[in-house]
Amino acid sequence: MDLLLDVIGWLGAGLLVLGYGLISTSRLSGDSMTYQVINLVGSVTLMVNSAYNDAWPSAGLNLVWAAIGVVALVKLVRIGAAR
């Protein structure tokens with residue numbers, strides 16, 4: 001179980017860095033669905049790993065990060081539905 005949760009944590013960290021890199025190099029837009037999904041999945045997986053390892057500040061940060069991602073995705077879906 002430890003190995004699985006370590007892999008999940010590294011996957012989450014990698015996704016967050018990937019998203020940041022794609023935004024920083026202008027390969028994705030901050031209001032793109034792809035970027036928001038990358039951020040949401042990355043933050044949720046890193047949150048799971050952090051909570052498992054009792055790293056509560058990191059888990060809390062990633063909970064907030066995931067909530068922001070959900071709000072952004074809902075907004076994008078509503079905008080898309082209105083078009």
Under 3.5 Å, side-chain donor or acceptor atoms of residues 1-11 against the rest of the protein: list the pairs with distances, not counting sequence neighbours.
| from | atom 1 | to | atom 2 | distance (Å) |
| --- | --- | --- | --- | --- |
| D2 | OD1 | Y52 | OH | 2.4 |

Among residues at least two apart in sequence or on other chains, which ones pass side-chain hydrogen bond (donor to acceptor under 3.5 Å, both in side chains) with N39? Y35, W65
With sequence neighbours left out, the residues meeting side-chain hydrogen bond (donor to acceptor under 3.5 Å, both in side chains) with T34 are none
Of all heavy-atom pairs between M33 and V77, which one has the smallest distance, and what is that distance? CE-CG2, 4.0 Å
Measure the spacing between OG1 of T45 and CG of L15 and express it to the nearest 0.5 Å. 6.0 Å
Return the CG to CD1 distance between L28 and I23, rounded to the nearest 0.5 Å. 5.5 Å
CG-CH2 distance between D54 and W56, expressed to the nearest 0.5 angstrom: 5.5 Å
Closest approach of T25 to L22 (non-hydrogen atoms, all atoms of both residues): OG1-O, 3.5 Å
For S50 and S58 the tightest heavy-atom approach is OG-OG, 2.9 Å
Can you measure from CG (D31) to CD1 (I79) and round to the nearest 0.5 angstrom? 7.5 Å
For a side chain to side chain contact (heavy atoms under 4.5 Å, CB included) with V64, tell me which candidate from L61, I68, N62 qualifies. I68
Q36 side chain to G30 main-chain N or O, any donor-acceptor pair under 3.5 Å? yes
Would a hydrophobic clustering, with Ile, Leu, Val, Met, Phe, Trp and Tyr connected at side-chain separations under 4.5 Å, put L46 with V41? no
